[in-house]
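Take a look at the structure set out below.
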There are 2 protein chains.
Amino acid sequence: MSERDPKPGPAPRASGAPPVSGAPRAPRAVDVAAAAEVSIATVSRVFNNPEKVAPAIRERVLATAKAMGWMPHAAGSALARRRTSIVGAVIPTLDNEVFAAQVGAMQAAFADRGITLLLSCFNYDQDQAAHDVQAMLARGVEALAIVGEAHRPDLFASIQARHIPYIVTYSHRPDSPHPCIGFDNRQAFHTIARHLLDLGHETIGVIIQPTAGNDRVAARLDGVREALAERGLGIRPQHLCEGEWSIDFGRQSVRAMLATDPPPTAVICGNDYLALGALLEARAMGLSVPHDLSITGFDDIAISRQLDPPLTTMHVDNHEIGRRAAAYLLACLEGSRPSALPPLVPTLIRRGTTAAPRR
Amino acid sequence: MSERDPKPGPAPRASGAPPVSGAPRAPRAVDVAAAAEVSIATVSRVFNNPEKVAPAIRERVLATAKAMGWMPHAAGSALARRRTSIVGAVIPTLDNEVFAAQVGAMQAAFADRGITLLLSCFNYDQDQAAHDVQAMLARGVEALAIVGEAHRPDLFASIQARHIPYIVTYSHRPDSPHPCIGFDNRQAFHTIARHLLDLGHETIGVIIQPTAGNDRVAARLDGVREALAERGLGIRPQHLCEGEWSIDFGRQSVRAMLATDPPPTAVICGNDYLALGALLEARAMGLSVPHDLSITGFDDIAISRQLDPPLTTMHVDNHEIGRRAAAYLLACLEGSRPSALPPLVPTLIRRGTTAAPRR
DNA sequence: GCGATCTATGTAAGCGCTTACATCAATGGC
DNA sequence: GCCATTGATGTAAGCGCTTACATAGATCGC
């Protein structure tokens, strides 16, 4: 057909010639097309619209591709199709089983739809989170799930500028500007505190993660304060320990608290890891739990039920959060505009670490 | 210059015109170039070879890009550059803190070099693993880290066909055909068994993960058998429980074992979760650990040290495995061909759950 | 002061793929 | 039996970016 006038310029790579040296290039669609004696378009159709290709040819192409070990290269198709089939998940850390479970569930849900999950762990560092989101946007993620809403405003701004669907997980505020799937942290801790108050506790300690830059944790503390206030009580400063969640921090906090006068008769912990530490240390100090000290956790991680005594905590179904987040994003990607998501309701699991205070 | 003869065909998108409807398209390099009054090549250089651009222009382009919220789109650059800057990690599950730690460490190491980590959890299913690897290859991963070497042969074959570097983690056999970073599972369990034998135990039970399709676990069992055989001992069938690793399986196994006659005086567990279950159940049954029953774990997960009594186990530095795997792959990507990797040596941590058997 | 050398920038050719449109053969209606 | 359909396949135009090479000033040596 139309001959293009040969211009000076880089000599076109002689595509038929064997590679000059070393590593054999990966096969491309055009190679498969040549080998199967069809056009490149047909090869593409076999993989994207198989019903549009005659069965005989389809099989031949499939066989050829398999023999050559060829699969459509994602970068090329992403470009042509303007769809990367990648979504991103932004979580604080994999070291907490709670987030690992969410990621696992999302990954499974997306994999079913041929969507790849990109993961970022921001280690509770807002700058890291903002940076990671940028990187994900550059990678062309089509949707984003993010733990918590206490992030730099430009993080959300840059997502919104791209008009891609996103969802905040592990948190739920009715008046949040963001779509979110999770539970009401304040309400949950209100429930826990109420449980202890109803048992007759009046001096209640709190061991909690750092509240700065963590909306979920701040809400939890508020929930406790609110419940106590309703009974005319408060948290004494010496009964409030805030620090990195870890079993060790739970241990040292409970030890410090029990050295105060009067000591608390119950301790509310921001998560199960802290509660675990509190429980182990209390027992190591020779206290009887729950009679000398009641302890509550949050999340209901796997070991909590196994402890002696088993931990009273609130159960959160993190796999369900992951699944619902994935379902929401998937729905958005398919064009529907899902309506407000109902919050999950964590349930109080009364086990062996709470009881009425000793008189 | 050379006019191309206008042919019938799709009308070129009037790129200057505002989008006809709805969603504003994401800005492209060409838009930034136009706005900054430079060529598209200069824009690209600003982001890839900034030193080749005059400072004044560089700043102008940077400012324009920022104002427009533009970043080079990964799919486009991957294609042009023939480098995706993606590597894949293939692990059994995130529910085990051991693998979560490896992934976390790798992710951090790669992120430093601008490399994105793609994650797949194959849930101990070999077909899933093979499938996931295919998907990753299609995504253009430039390297791959895979837990264990008990995989379908075509999994390794397809990696090798692509000539991309890979590494097997959490396992180390001197005679493995694959580069690997990990430890000698057989040796490690030989050490554990020896520890118990040296304490005077002769009736030793084993609670272990399914060995089928799991080279690491099979090697562990071999290690125990070998150590016992050296003393003329063996594992009685009723003292060998093989099943899914979970705290509950540890519990029920120990209960079953203790109902046999004679019961074992020590139990070797395939990992800390199983040991945890064994310890909790033994205590719940009123036994004194370690005097009535010695228990060992493997991995040294976070809670193990915190238990009462603290668990005797072997410590494996999984973050280190992740870091080394990442370092190895990074080195390969930079062209060097690192030599054989030395195995890590897990260390026996004698804590409170092992002692001489009661006479 | 003039050609040789550099340096900064622009031009355009792909990277590997998808897909709108063109084409061509086979089919069916009347 | 001929034209309008229909269905299968091919052609070629991008998708957004990088980079080899071309080019045009600026700089420098003698």
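Letters A, B, ... mirror the listed sequences (proteins, then strands); counts begin at 1. All values below come from the heavy atoms of this structure, side chains included, with hydrogens, waters and symmetry mates left out. Here the structure is a predicted model, which means the values were calculated and not measured.
- Protein atom CZ of A:Arg139 is 17 Å distant from nucleotide atom C1' of D:dC15, rounded to whole Å.
- When the side-chain nitrogen and oxygen atoms of A:Ser77 are compared with OP1 and OP2 of C:dC17, none of them lie within a distance under 4.0 Å.
- Both A:Ala54 and B:Ile40 sit near DNA chain D, but only A:Ala54 has its closest nucleotide nearer the 5' end.
- Atom CD1 of B:Ile146 is separated from atom CZ of B:Phe122 by 8.5 Å, given to the nearest 0.5 angstrom.
- Atom-to-atom, NZ of B:Lys52 to C1' of D:dT18 comes out at 11 Å; the value is rounded to the nearest Å.
- Between the CZ atom of B:Arg81 and the P atom of D:dA20 there is a distance of 11 Å, rounded to whole Å.
- Each of A:Arg45 and B:Val38 was matched to the nucleotide of DNA chain C holding its nearest heavy atom; the match closer to the 5' end belongs to B:Val38.
- With sequence neighbours excluded, the residues that form a salt bridge (charged side-chain N to carboxylate O under 4.0 Å, His left out) with A:Arg323 are A:Glu320.
- One interatomic measurement links the two molecules: CG of A:Leu79 to P of C:dG14, which rounds to 17 Å at whole-angstrom precision.
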Residues 67-79 of chain A side chain polar contacts: donor-acceptor under 3.5 Å, at least two apart:
from: A:Ser77; atom 1: OG; to: A:His73; atom 2: O; distance (Å): 3.3
from: A:Ser77; atom 1: OG; to: A:Ala74; atom 2: O; distance (Å): 3.3

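- Among the heavy atoms of the strands lying under 4.0 Å from A:Thr42 are primed sugar atoms or P, OP1, OP2 only; no base atom is included.
- Five base pairs at each end of the helix from C:dG1-D:dC30 to C:dC30-D:dG1 define two local axes, and these are offset by 40° (rounded to 10°).
- The residue B:Val43 sits apart from the nucleic acid: no heavy atom pair falls under 4.0 Å.
- Listed candidates were C:dG14, C:dG16, D:dT11. Nearest to the side chain of A:Ala41 is D:dT11.
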Pair up each side-chain donor or acceptor in residues 149-157 of chain A with any protein partner under 3.5 Å, not counting sequence neighbours, and list the distances.
from: A:Glu149; atom 1: OE1; to: A:Arg173; atom 2: NH2; distance (Å): 3.0
from: A:Glu149; atom 1: OE1; to: A:Ser176; atom 2: OG; distance (Å): 3.2
from: A:Glu149; atom 1: OE2; to: A:Arg173; atom 2: NE; distance (Å): 3.0
from: A:Glu149; atom 1: OE2; to: A:Arg173; atom 2: NH2; distance (Å): 3.4
from: A:His151; atom 1: NE2; to: A:Val147; atom 2: O; distance (Å): 2.9
from: A:His151; atom 1: NE2; to: A:Gly148; atom 2: O; distance (Å): 3.2
from: A:Arg152; atom 1: NE; to: A:Asp154; atom 2: OD1; distance (Å): 3.0
from: A:Arg152; atom 1: NH1; to: A:Asp127; atom 2: OD1; distance (Å): 2.7
from: A:Arg152; atom 1: NH2; to: A:Asp154; atom 2: OD2; distance (Å): 2.8

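- Evaluation of the side-chain contact (heavy atoms from CB on, under 4.5 Å) rule for B:Asn123 yields B:Thr93 as partners, not counting sequence neighbours.
- The separation between B:Asp31 atom CG and D:dC17 atom C1' is 13 Å, rounded to whole Å.
- When the nucleotides C:dG10, C:dC17, D:dT18 are ranked by their closest atom to the side chain of B:Ser39, C:dG10 comes out on top.
- Atom CD of A:Glu142 and atom C1' of D:dC15 are 14 Å apart (whole Å).
- Minimum atom distance to the side chain of A:Arg82 is reached by D:dC15, of the listed C:dT11, D:dC15, C:dT19.
- Side chain of B:Arg28, nearest nucleotide from D:dT11, C:dG10, D:dC17: D:dC17.
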Quiz: residues 99-108 of chain A side-chain donor-acceptor pairs under 3.5 angstrom, not counting sequence neighbours:
from: A:Gln102; atom 1: OE1; to: A:Thr169; atom 2: OG1; distance (Å): 3.1
from: A:Gln102; atom 1: NE2; to: A:Asn318; atom 2: OD1; distance (Å): 3.0
from: A:Gln107; atom 1: NE2; to: B:Leu119; atom 2: O; distance (Å): 2.8

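- With respect to A:Tyr328, the side-chain contact (heavy atoms from CB on, under 4.5 Å) criterion is satisfied by exactly one of A:Ser336, A:Cys180, A:Pro338: A:Pro338.
- Contacts of B:Ala29 with the nucleic acid, taken as non-hydrogen atoms under 4.0 Å apart, involve only primed sugar atoms and P, OP1 or OP2.
- Spacing between atom CZ of A:Phe47 and atom P of C:dT18 amounts to 9 Å, rounded to whole angstrom units.
- For the pairing with B:Ile115, the side-chain contact (heavy atoms from CB on, under 4.5 Å) check across B:Val141, B:Thr84, B:Ile86, B:Leu330 returns one residue only, B:Leu330.
- Among residues two or more places apart in sequence or in another chain, the salt bridge (charged side-chain N to carboxylate O under 4.0 Å, His left out) test is passed with A:Glu334 by A:Arg113.
- Near-neighbour residues of DNA chain D inside residues 55-70 of chain A, defined by a heavy atom below 4.0 Å, number-ordered: A:Ile57.
- When rounded to the nearest whole Å, the span between CG of A:Asn49 and P of C:dC17 equals 16 Å.
- Pairs passing the side chain to side chain donor-acceptor pair (under 3.5 Å) check and including a residue from residues 46-56 of chain A, sequence neighbours excluded, read A:Ser44-A:Asn48, A:Asn48-A:Arg81.
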